[in-house]
Amino acid sequence: MMKKVMIGIAFIMAVLMLSFATDSEAMTKKTKEYQYDVNENGDVEIIKYTGKKKKVTVPARIDGKDVVFAEGFRYTHVTNVTIPDSVMSIGDSAFEGCKKLKKVKLSKKITTIPWDAFRNCDSLTTVNMSGNISKIGYYAFQNCGELLSVGDLTLEEIGLHAFENCKKLAGTITLDSSIEEIPSHCFYHCKKLAFRIPDKDWKVGEFAFAGCPKISKRYLSPDVSADAYAGCANINTVIVKDDNVIEENGIYYSKDKKTLIYVRPDYSGTLDFLKQVETIGAYAFSGFRQKKVKIPDNIREIKEGAFYGAKCKSVTWNKNVKDIADNMFMESALEKVVIPKGVKTIGRRALWNMAKCVSVSLPASVQSWADYAPGEDFTTGVLEGFPVLKKVTVASGNPLFKSKKGLLFSKTNRLLCYPAGRKAKSYKIPKCIRVWTHAFSNTKNLKVVFRFGSSIAGCFVNCKNVRVVLPKSGIAFAGASHDMEWPLFENSTKCYALVKKNSYVHKKFKKLVKKGIEYESAYAYKVV
């Protein structure tokens with residue numbers, strides 16, 4: 001009896017499984033170029049593009065049914081896409097990572113650009129969309145560095161990092177007063193974008209407008225992050241919504257006048273006011289335009305980002321401040337960095353993205369640098385973003401660092417920074433030297449020869465025309481789960497590795513590149 005019951009149960013389970021499989025197959029259908037579902041209203045929802053065409057016009061109808069939704073172009077080779085007016089919406093990550101995508105024409109009925117929709121589409125120049133767009137999702141256009149236009153938009157909702165690093169994007173964004181919060185990094189580094197912003201008590205997140213030259217008004221409020229307007233050098237109007245802040249002649253202090261809160265970038269008077277404060281507050285001189293700043297000895301503390309994006313060519317330190325705080329000189333115009341004797345710590349990204357700096361000097365007193373901590377995982381480098389840096393010098397006796405021929409090394413033989421402004425055409429990495437994250441950032445026209453015992457994970461970022469010669473074996477790669485966290489090349493053009501045919505390294509690169517389009521430039525190689 002029990003045996004018959006068990007057979008009966010097995011039969012029922014088999015029927016159910018067959019039925020489920022049949023229903024699943026019925027739900028997802030295929031054409032030569034698309035996989036799609038038919039929703040409960042009888043309309044088509046495209047879930048994946050499987051075609052080979054680079055220029056794509058999505059059909060308005062499939063099998064006699066209206067196409068109302070489209071997604072599934074993620075990490076494909078498409079270059080131009082047209083979405084018909086039957087489509088009501090596109091999906092999250094619809095075009096994410098389409099490295100060759102240049103132009104997109106969207107349906108006039110689409111009102112929302114969802115999460116990650118065009119994230120990391122770094123060739124994208126134009127998205128034609130109607131004025132009906134009112135919502136932009138998280139990371140929607142992040143890192144679309146070539147994007148020129150999306151039209152003038154009036155937004156009722158915007159997600160964090162939405163337009164981050166859209167450096168060429170022009171036009172005007174109007175923020176509707178119904179928006180409750182301007183989230184973090186949403187317009188970070190939008191250098192050409194203009195804004196219409198109504199007066200209200202905004203909540204503004206971290207770096208929301210950082211590096212936006214066309215922002216002319218900022219708010220000082222407990223609800224506004226101190227770094228929200230970091231590097232905005234054209235601020236000419238400050239609205240104070242904080243009872244603990246007072247203003248005198250374009251200078252903003254704490255109520256007891258012991259802390260300098262902010263100096264308007266266009267302030268042109270003397271800096272004698274520094275003699276009456278004890279602390280320079282976070283981002284206080286951010287975007288400041290005067291060429292020189294001398295910090296008097298009465299200053300006891302300088303907080304994070306104090307000179308972020310400042311136009312100063314030189315800042316003279318005092319003898320009492322022992323720490324270079326996080327983001328201190330990030331994106332500033334300093335031409336030389338001389339860390340004075342007595343400074344013990346350098347914070348995270350304190351010296352980062354400094355386009356005009358030609359030399360950096362470290363004293364023996366520096367005992368820690370947050371961007372270099374062996375044993376921790378880092379996705380940014382030491383002295384990253386110094387395109388004209390020619391040399392780094394380290395005083396003898398420093399416990400952590402040393403310099404050799406202008407290059408920066410750790411005492412444990414890690415190459416931390418190869419100055420991108422050096423004239424050399426080639427560099428051979430010494431035996432058994434491991435290379436720190438982004439050590440070769442911003443290098444151009446350089447041949448780099450790795451040797452047995454080196455590591456290659458995450459070495460090259462924002463590079464151009466770099467050739468990397470690799471040995472047959474003895475090279476450390478990033479772990480399988482970190483392939484794209486520390487690729488060999490990142491945001492780089494005309495860069496590739498030379499590998500020996502059929503060597504271990506050749507087979508490793510070949511396997512990585514087969515993973516898809518996102519790996520093609522990250523592990524580009526040629527066989528020799």
Side-chain angles (χ1 to χ4, degrees), residues 73-74 79-81 90 92-106 110 112-131 133-175 179 181-197 204-216 227-234 287 308-309 330-331 353 355 385 461-462 490-493 518 521:
F73 290 87
R74 186 172 183 258
T79 59
N80 296 67
V81 177
I90 59 174
D92 297 343
S93 302
F95 297 93
E96 181 184 2
C98 290
K99 298 294 185 180
K100 298 181 180 180
L101 182 63
K102 293 182 178 180
K103 294 183 180 180
V104 176
K105 183 178 180 181
L106 294 178
I110 292 174
T112 298
I113 305 297
W115 289 14
D116 297 333
F118 297 96
R119 187 180 188 182
N120 294 332
C121 292
D122 43 28
S123 296
L124 186 65
T125 59
T126 305
V127 179
N128 292 325
M129 53 192 188
S130 72
I133 301 290
S134 61
K135 297 179 181 179
I136 306 290
Y138 292 5
Y139 301 93
F141 292 98
Q142 186 192 41
N143 297 331
C144 293
E146 298 298 316
L147 186 60
L148 301 176
S149 174
V150 294
D152 293 343
L153 299 177
T154 298
L155 300 180
E156 297 173 359
E157 185 178 313
I158 185 166
L160 54 84
H161 299 267
F163 288 100
E164 181 178 11
N165 291 326
C166 291
K167 297 180 181 180
K168 296 183 180 181
L169 181 61
T172 301
I173 299 290
T174 300
L175 299 178
I179 295 177
E181 178 181 358
I182 303 173
S184 69
H185 292 81
C186 59
F187 298 110
Y188 181 76
H189 276 177
C190 288
K191 295 184 179 299
K192 295 188 176 182
L193 203 58
F195 301 90
R196 292 193 186 99
I197 305 174
V204 187
E206 295 177 353
F207 296 100
F209 294 106
C212 293
K214 294 196 175 185
I215 285 286
S216 60
D227 54 24
Y229 300 89
C232 294
N234 294 309
Y308 183 115
M330 184 174 173
E331 300 188 7
N353 273 11
V461 61
N462 296 320
E490 182 179 349
N491 297 329
S492 298
T493 57
E518 61 180 317
S521 58

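- Asp116 is linked by a salt bridge (charged side-chain N to carboxylate O under 4.0 Å, His left out) to Arg119, counting only residues two or more places apart in sequence or in another chain.
- Between Tyr308 and Gly231, the shortest heavy-atom distance links the atoms CD2-N, 3.6 Å.
- When each of Thr125, Asn165, Thr126, Val127 is paired with Leu147, the side chain to side chain contact (heavy atoms under 4.5 Å, CB included) condition holds for Val127 and for no other.
- Distance check, rounded to the nearest 0.5 Å: OG1 of Thr112 to NZ of Lys135 gives 5.5 Å.
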Sequence neighbours left out, cut at 3.5 Å: what donor-acceptor pairs do the side chains of residues 151-158 make with other protein atoms?
unit_1: Asp152; atom_1: OD1; unit_2: Thr172; atom_2: N; d: 2.9

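- Looking at heavy atoms from C-beta onward, Leu148 lies in side-chain contact with Lys168 at the 4.5 angstrom threshold.
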Could you walk me through whether Phe187 and Ile215 pass the side chain to side chain contact (heavy atoms under 4.5 Å, CB included) test, one step at a time?
CA-CA 11 Å; Phe187 298 110; Ile215 285 286; over 6 Å; no
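- Smallest separation of non-hydrogen atoms from Pro183 and Leu160: CG-N, 3.5 Å.
- Between Phe73 and Val104, every side-chain heavy-atom pair lies at or beyond the 4.5 Å cut-off.
- Gly137 and Ala162 get closest at one heavy-atom pair: O-CB, 3.7 Å.
- Minimum interatomic distance between Cys186 and Gly159 (heavy atoms only, all atoms of both residues): CB-O, 3.6 Å.
- When every heavy atom of Gly211 is checked against every heavy atom of Lys191, the shortest pair comes out as O-CG, 3.8 Å.
- When all heavy atoms are compared, the tightest approach of Ala233 to Gly287 is CB-O, 3.5 Å.
- With values rounded to the nearest 0.5 angstrom, Asn143 atom CG is found 9.0 Å from Lys167 atom NZ.
- For the ring-ring contact (aromatic ring centres under 6.0 Å, His included) with Trp115, the lone residue among Tyr139, Phe141, Phe95, Tyr138 that qualifies is Tyr138.
- For the atom pair CD1 (Ile90) and CD1 (Ile113), the distance works out to 5.0 Å, reported to the nearest 0.5 Å.
- Partners of Lys214 by side chain to side chain contact (heavy atoms under 4.5 Å, CB included), not counting sequence neighbours, listed by chain and number: Ala194.
- Distance check: Cys121 SG to Lys100 NZ gives 13.5 Å after rounding to the nearest 0.5 Å.
- Using a 30° and 60° split on the angle between ring planes, His185 and Phe207 fall in the tilted class, from 30° to 60°.
- Here Asn120 contributes atom CG and Gln142 contributes atom CD; the two are 6.0 Å apart, rounded to the nearest 0.5 Å.
- Qualifying salt bridge (charged side-chain N to carboxylate O under 4.0 Å, His left out) partners for Lys99, counting only residues two or more places apart in sequence or in other chains: Asp122.
- Lys103 pairs by the salt bridge (charged side-chain N to carboxylate O under 4.0 Å, His left out) definition with nothing, not counting sequence neighbours.
- For Thr493, there are no side chain to side chain donor-acceptor pair (under 3.5 Å) partners two or more places apart in sequence or in a different chain.
- Rounding to the nearest 0.5 angstrom, the gap separating the CZ atom in Phe118 from the CZ atom in Arg74 is 14.5 Å.
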